[in-house]
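Notes follow the structure.
One-based numbering, in listed order, for ligands and for the atoms of each.
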Amino acid sequence: MSEPSASEPRSDDAKVVVDGVGKVYESERQRVRALSGVDFTVDDGEFVCLVGPSGCGKTTLFRTIAGLEAATDGEIRLDGDPVTGPGTDRGMVFQEYGLFPWRTVRENVAFGLEEQGVPEPERSSRVGEMLGLVGLAEFADAYPKELSGGMKQRVGIARALAVDPEILLADEPFGSVDAQTRDMLHEELLRIWSETEKTVLFVTHDVEEAVKLSDRVVVMAADPGRVSEIVDVDLDRPRERTEPAFADYVDRIRTLIGE
Ligand code: ADP
Ligand code: MG
């Protein structure tokens, strides 16, 4: 195989390729076009946020990439292979945590490893490593109801990463926590991202959150859900909201969204 030249599109070696994806929800009573002609790529190790107004199809796109929903047109490719269903190559984090209330923190994090048949002592060792990564080692035997929202979401992240997925997919994961906790979780997630070198695709309607986190922001518009622009966030990390350049990106993306 020859080396790709600089003039070739980046999609050739992209981790995720979203290729002409459309989605129509059809029932007997109605037909909703949620997505139309969505094209973008995510490179290996890249942190990409999807932003856009409510109803522009962010969750639909997330679920399609996750393999929970089938595209009506086009396809998603992960490492070159079309996505046809859910798989352990994609770790998912949801806004409402989705933890099993009857399982302890440790047992929640172990879930995917059990599904994969990973034996002891490897399983416990991996769970321990993940709990260390998200700073919850001391809460291994607690139940979700004993945890704050921020801690629950750290369990969600640990559970998603335990099976060592190729990509971390998150749909408004910090939408249910207060602003101060959210700031802390941003720092945590960026640290985890740099330690694990994972590819991250993160959905949010919060423009500041997108500018804080991402290498690139895919800005979406509604009716039908589509990509309106892709913005490269060329800011050093750590990023401060108070920096003028940060505020410029936020303004620019808000204008694109029409906020
Ligand atoms: P977002 O996450 O950006 O708010 P969604 O992907 O949830 O957007 O929704 C996009 C559009 O698709 C909306 O018009 C929504 O009402 C519609 N939609 C989402 N899920 C379904 C579904 N299961 N059945 C029918 N319509 C749906
Ligand atoms: Mg949504």
Margin query: Whether Arg159 engages the ring of Phe100 as a cation-pi pair (distance to the six-membered ring centre under 6.0 angstrom, angle to the ring normal within 45°) should be assessed.
Written below: yes

Check: Just wondering, are more than 12 heavy atoms of other shown residues or ligands nearer than 6.0 Å to CD in Glu120?
Finding: yes

Margin query: So for atom CD, which belongs to Glu138, do other residues, nucleotides or ligands contribute more than 12 heavy atoms lying within a distance under 6.0 Å?
Written below: no

Note to self: Taking Leu131 as the starting point, is it possible to reach Val155 by hopping between hydrophobic residues whose side chains are less than 4.5 Å apart?
What the structure shows: yes

Next item on the list: Is it possible for you to check whether Lys58 lies under 6.0 Å from the centre of the six-membered ring of Phe62, through NZ or CZ, and within 45° of that ring's axis?
Entry: no

Next item on the list: Anything with a heavy atom under 4.0 Å from ligand 1 counts, so go ahead and list those protein residues by chain and number.
Entry: Tyr25, Val32, Ala34, Pro53, Ser54, Gly55, Cys56, Gly57, Lys58, Thr59, Thr60

Checklist line | Sole candidate of Phe202, Trp193, Phe174 that passes ring-ring contact (aromatic ring centres under 6.0 Å, His included) when paired with His186 | finding: Phe174

Next item on the list: Please identify each residue that fulfils side chain to side chain contact (heavy atoms under 4.5 Å, CB included) with Arg126, with sequence neighbours left out.
Entry: Leu113, Glu129, Met130, Asp164

Next item on the list: Compute whether any side-chain donor of one residue and acceptor of the other, for Thr199 and Glu166, lie under 3.5 angstrom apart.
Entry: no

Next item on the list: Report the protein N/O/S neighbours of the Mg ion (ligand 2) that fall below 2.8 Å; do not count waters.
Entry: Thr59 OG1

Next item on the list: Identify, with sequence neighbours excluded, every residue that meets salt bridge (Lys or Arg N to Asp or Glu O under 4.0 Å) alongside Asp73.
Entry: Arg33

